[in-house]
Amino acid sequence: MLYKAPRGTTDILPEEQSYWTYVQDKAASLCCLYGYQPIDTPVFEDQKLFARSSSHGTDLAEKEMYVFEDRGGQLLALKAEGTAPVCRAYLEHGLFNLAQPVRLYYLSAIFRYERPQAGRYRQHHQFGFEAIGDADPSLDAEVIELAQHFLLSLGLSGFSLQLNSIGCRQCRPAYIRALLSHYAGHAQKLCPDCQTRREKNPLRLLDCKNATCQEIADSAPAIRKYLCAECQEHFQKVQQYLEILGIPFQLNNKLVRGLDYYTRTVFEFQPEEEGAQKTIGGGGRYDDLIEALGGKPTPAVGFAAGIERIILNLKTQNISLPSPPAATVFLIHIGGKAKLETVKLAATLRQAGIATISAVGDRSLKSQLRQAHNRGFPTVIIVGEEEIDAQQAILRDMSTGTQQNIPFGEIVSAVTTSCG
RNA sequence: GUGGGUGUAGCCCAGAGGUUAAGGCGCCAGGUUGUGGCCCUGGAGAUCGAGGGUUCGAGUCCCUUCACUCACCCCA
C-alpha cells in the first residue's frame with residue numbers, strides 16, 4: 001500500500017455516516033429551536049489568533065498547533081479550537097451591532113498535533129455554540145440546558161454534569177496565591193508534571209490523577225471560597241436557574257478547563273464509564289476573550305462537544321439510529337436488448353423521485369437477484385426478451401416473492417403504490 | 001513528548017525455525033430451461049505493517065521504523 005491516511009486522521013466510510021448525520025441533524029435542529037444560527041469559519045487562521053486566545057501555559061498554544069507558513073510568508077494555523085475564530089468573526093463583521101446576545105453554532109473540523117488514542121485524534125470534529133454579548137447568568141444556564149438537551153435527545157444517558165466557577169481576573173489571583181501557598185508545603189511530594197504545573201498553570205494542579213497529588217489537591221482551598229461578590233452572585237444565580245430547569249449537576253471545585261480564557265462558570269459532561277478521554281463536551285464563560293482579541297469588553301459563554309466521542313458513546317450505549325431510506329428499486333435485465341430498456345426505465349423512475357439502481361454488466365439473473373437481496377432492496381423490476389415483446393416488466397416484491405406484470409407506462413405508479 | 005500491548009486476505013483470526021501460510025465471515029461463480037434467502041461444491045483475494053540482520057532455511061528469533069491500541073500528558 002502506497003498511502004495511508006495521516007496519523008490520527010480517519011476516513012468516515014459510508015457505514016459510519018449514519019452516525020454523523022444523526023448527530024449533525026440533531027445539533028442543527030436543536031440549535032434552531034434555541035435560536036442559535038449557524039456560522040462557518042475558515043479551516044486555517046492567523047496563528048496568533050489561537051496563540052493569543054488560549055494564552056500561556058497551555059499545550060494547545062505551545063506544542064499542539066498545526067502551524068505553517070504560506071507562500072506569502074504568513075504564519076497560519078489549522079483551526080485548533082472553535083471559539084476564537086467565532087469571536088474573531090464576531091468582531092470582524094461587526095456582529096456587536098446586532099441585538100445582543102448573538103447566538104451562533106458551528107460544526108467544524110479541529111486540528112491538534114497530539115499522540116492519538118481512543119477518543120483522541122489529530123483531526124477531530126466539534127459541535128459548538130456560543131452566546132456572545134451578555135453577562136446574564138441565565139445565558140450560562142441556557143447554554144448548559146441546550147448542551148444537555150442535545151445529549152439527551154441523542155438518546156445518551158448516564159452522564160454527569162460537573163459544574164464550577166473559576167472566578168474572574170479580580171478574584172482569581174488571590175486564589176492562585178492561596179493555592180500555591182498550600183502546595184508550597186508539599187512541593188517535594190508532587191509528581192514531576194505537577195512541579196511544572198506550579199510554574200505554568202497552577203489551576204491544573206487540582207485535577208492531577210496521581211494519587212498523592214490527589215490528596216494534596218483534596219485538601220487544597222476551594223476556589224468558590226475566594227470568589228468576589230459579583231462572581232459569587234453570578235454563580236449562585238446560574239445554579240438557581242439550573243435548579244428551576246430541573247438540570248442536575250455536581251459542584252466540582254477541582255474542575256478547571258484546559259483553555260486559559262475561561263472565567264466564572266465552567267462545566268463538563270462526563271459519561272460514567274472509566275477511560276481517559278472521557279469528557280464528551282464542556283464549556284464555560286469567557287468574558288475576557290473578545291477584549292483580548294482587540295474588541296470592547298464583551299461577556300460570552302459557550303459549549304463544545306467532540307463528535308467522535310459522542311459517537312463512541314452512542315456505540316457503547318448501543319443506541320439504535322433511525323435507518324436511512326435506502327434505494328428502493330433494483331432493475332434487473334436479461335440480455336442486452338433488455339438492458340437498453342432498464343437503463344431507460346431507471347431514468348424514468350428517478351425523474352419520478354424513486355431511488356433506483358440498475359444492475360450493471362452481464363451477470364446471470366440469479367446473480368442479479370442475489371445482489372438485490374444482499375443489498376437489501378425491497379423491490380426489484382425484471383425485464384427480459386419476453387417482457388419487451390409484451391411491453392411490460394415484472395415487479396417483484398423481495399420480502400414475499402410475489403410478482404406482477406406491469407406495462408412499461410404504468411411502472412411509476414405501480415412502484416409508488418407498492419412502496420407506499 | 002513518556003511507558004505497556006498488538007500488527008498474518010475487506011473483516012475475525014490459526015500458525016511456538018523446515019514443502020504450496022490454515023480456517024470462519026464477506027465477495028464471486030456453479031448445483032440443466034428466466035428467479036434471491038437455506039444447503040452443497042468450487043473460485044478469487046496475503047509481496048505475513050515496512051526496512052535491515054541472524055540462519056542452509058524466518059510469518060516465527062534480533063534490531064530499526066511505521067501504524068493501531070491502552071495509560072501518562074493534554075483535551076473534545
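Quick caveat, the model's predicted, so the values are computed rather than measured. Below, chains carry the letters A, B, ... as their sequence lines are ordered, and counting in each starts from 1.
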Q. So what does A:Arg257 hit on the nucleic acid, given a heavy-atom distance under 4.0 Å: a base, only sugar-phosphate, or nothing?
A. sugar-phosphate

Q) Mind checking whether A:Phe127 and A:Phe129 have ring centres under 6.0 Å apart? A) yes

(Q) Please confirm whether the ring centroid of A:Phe150 lies under 6.0 Å from the ring centroid of A:Phe303. (A) no

Q: Any ring-ring contact (aromatic ring centres under 6.0 Å, His included) involving residues 184-227 of chain A? Give me the pairs, sequence neighbours left out, ordered by first then second residue.
A: A:Tyr175-A:Tyr226, A:His182-A:His186

**Q.** Distance, P atom - from B:rG26 to B:rU41, rounded to whole angstrom
**A.** 15 Å

Q) A:Tyr121 side chain: which of B:rA76, B:rC68, B:rC28 is closest? A) B:rA76

Q: Remember a base hit wins even if backbone is also touched, and classify A:Arg197 as base, sugar-phosphate or nothing at under 4.0 Å, heavy atoms.
A: sugar-phosphate

Q. Taking the same atom, P, in B:rA9 and in B:rA46, what whole-Å distance lies between them?
A. 10 Å

Q | Residues in ring-ring contact (aromatic ring centres under 6.0 Å, His included) contact with A:Tyr121, at least two apart in sequence or another chain | A | none

Q. When rounded to the nearest Å, what value does the distance between P atoms of B:rG17 and B:rA58 take?
A. 14 Å

Q) Which whole number of Å gives the distance between the C1' atom of B:rC66 and that of B:rG30? A) 43 Å

Q: Go ahead and name the base partner of B:rU32; Watson-Crick or wobble counts if both distances stay under 3.5 Å, otherwise write none.
A: none

Q: In plain terms, say whether A:Glu81 and A:Arg112 are close enough for a salt bridge, that is, a side-chain N and a carboxylate O under 4.0 Å apart.
A: no

Q | C1'-based separation of B:rG4 from B:rG23 [nearest Å] | A | 31 Å

Q: Describe the nucleic acid contact of A:Phe127 in one word from base, sugar-phosphate, nothing, applying a heavy-atom distance below 4.0 Å.
A: nothing

Q: If B:rC27 has a Watson-Crick or G-U wobble mate with both distances under 3.5 Å, name it; if not, just say none.
A: B:rG43

Atom pairs under 3.5 Å: protein N/O with N/O of nucleotides 3-13 of chain B:
unit_1	atom_1	unit_2	atom_2	d
B:rG3	O6	A:Arg115	NH2	3.2

Q) Which is true for A:Gly8 with a 4.0 Å heavy-atom rule: it touches a base, it touches only sugar-phosphate, or it touches nothing? A) sugar-phosphate

Q.
In whole Å, measure the gap between the C1' atoms of B:rG49 and B:rU8 for me.
A. 10 Å

Q: Kindly write out the residues that satisfy side-chain contact (heavy atoms from CB on, under 4.5 Å) with A:Ser181, not counting sequence neighbours, or none if the list is empty.
A: none

Q | Inter- and intrachain pairs under salt bridge (Lys or Arg N to Asp or Glu O under 4.0 Å), touching residues 130-143 of chain A, at least two apart | A | A:Arg103-A:Glu142, A:Asp140-A:Arg285

Q) On RNA chain B, nearest-nucleotide positions of A:Pro6 versus A:Ile280: which is more 5'? A) A:Pro6

(Q) I'd like to check the side-chain hydrogen bond (donor to acceptor under 3.5 Å, both in side chains) partners of A:Arg177; sequence neighbours left out, ordered by chain and number. (A) none

Q: Tell me whether the OP1 or OP2 atom of B:rA71 has a side-chain N or O from A:Lys209 closer than 4.0 Å.
A: no

Q | Pairs touching residues 386-396 of chain A that satisfy side chain to side chain donor-acceptor pair (under 3.5 Å), sequence neighbours left out | A | A:Arg396-A:Gln403

(Q) Restricting to ring-ring contact (aromatic ring centres under 6.0 Å, His included), what partner residues turn up for A:Tyr241, sequence neighbours left out? (A) none

**Q.** Heavy-atom protein contacts under 4.0 Å, nucleotides 33-48 of chain B, coded B base, S sugar-phosphate only, - none
**A.** -BBBB-----------

Q. Given the C1' atoms of B:rG24 and B:rG15, what is the spacing between them in whole Å?
A. 15 Å

Q: Can you tell me, in whole Å, how much space there is between the P of B:rG3 and that of B:rU19?
A: 38 Å

